[in-house]
Colleague: 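Attaching a single structure in structure tokens format; questions to follow.
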Amino acid sequence: MRFLDEEDNDPMLSVVNLIDLFLVIIGVLMVVIAQNPLNPFSQDRVVVVENPGEADMRITIKDGQELTRYESSGEVGEGLGSRAGITYRLDDGRMIYVPER
């Protein structure tokens, strides 16, 4: 009965309990992130643009289980078309598009 009367003052027990607590918190956070509706991996169609506007820009498109990657060649594109409108930049930095009639 001597063992029941003694208090455990071992500091390692509290460290082990803290580690267990952190593991539970990490597990809960991972479940919350996986069930987030804004998670890009849970959607069927996702578009990711890396380095936008740079010479080494890449666009990755996930459509279902298919991944397609487009890489910029740095060349200026050209083709057939017509002018669709004019874009103006305001003093506060906003852009306004005005279509032509």
Colleague: Are L67 and V47 connected, step by step, through hydrophobic side chains (Ile, Leu, Val, Met, Phe, Trp, Tyr) whose heavy atoms are closer than 4.5 Å?
Modeller: no
Colleague: Given E50 and M57, is the side-chain contact (heavy atoms from CB on, under 4.5 Å) satisfied, shown in steps?
Modeller: CA-CA 6 Å; E50 300 172 36; M57 183 173 84; over 6 Å; no
Colleague: Can L90 be reached from V98 by stepping across I, L, V, M, F, W or Y side chains whose heavy atoms are under 4.5 Å apart?
Modeller: yes
Colleague: Determine whether more than 12 heavy atoms belonging to other residues, nucleotides or ligands lie under 6.0 Å from atom OH of Y97.
Modeller: yes
Colleague: In Å, rounded to the nearest 0.5 Å, how long is the span from CD1 of I86 to CD1 of I96?
Modeller: 12.5 Å
Colleague: Name the residue from E66, R69, R45 that meets the side-chain contact (heavy atoms from CB on, under 4.5 Å) definition with I61.
Modeller: R45
Colleague: Decide whether V15 and L23 are clustered together by the hydrophobic rule: side chain heavy atoms of Ile, Leu, Val, Met, Phe, Trp, Tyr closer than 4.5 Å, transitively.
Modeller: yes
Colleague: Starting from the C-alpha separation in whole Å, work towards a yes-or-no answer on side-chain contact (heavy atoms from CB on, under 4.5 Å) for V48 and I59.
Modeller: CA-CA 6 Å; V48 177; I59 299 174; over 6 Å; no
Colleague: Report, as yes or no, whether the 6.0 Å neighbourhood of atom CG on D92 holds more than 12 heavy atoms from other residues, nucleotides or ligands.
Modeller: yes
Colleague: If I take atom CZ from residue R58 and atom CG from residue N51, how far apart are they, to the nearest 0.5 angstrom?
Modeller: 6.0 Å
Colleague: May I ask you to check whether over 12 heavy atoms, not counting those of M30, lie within 6.0 Å of atom CE?
Modeller: no
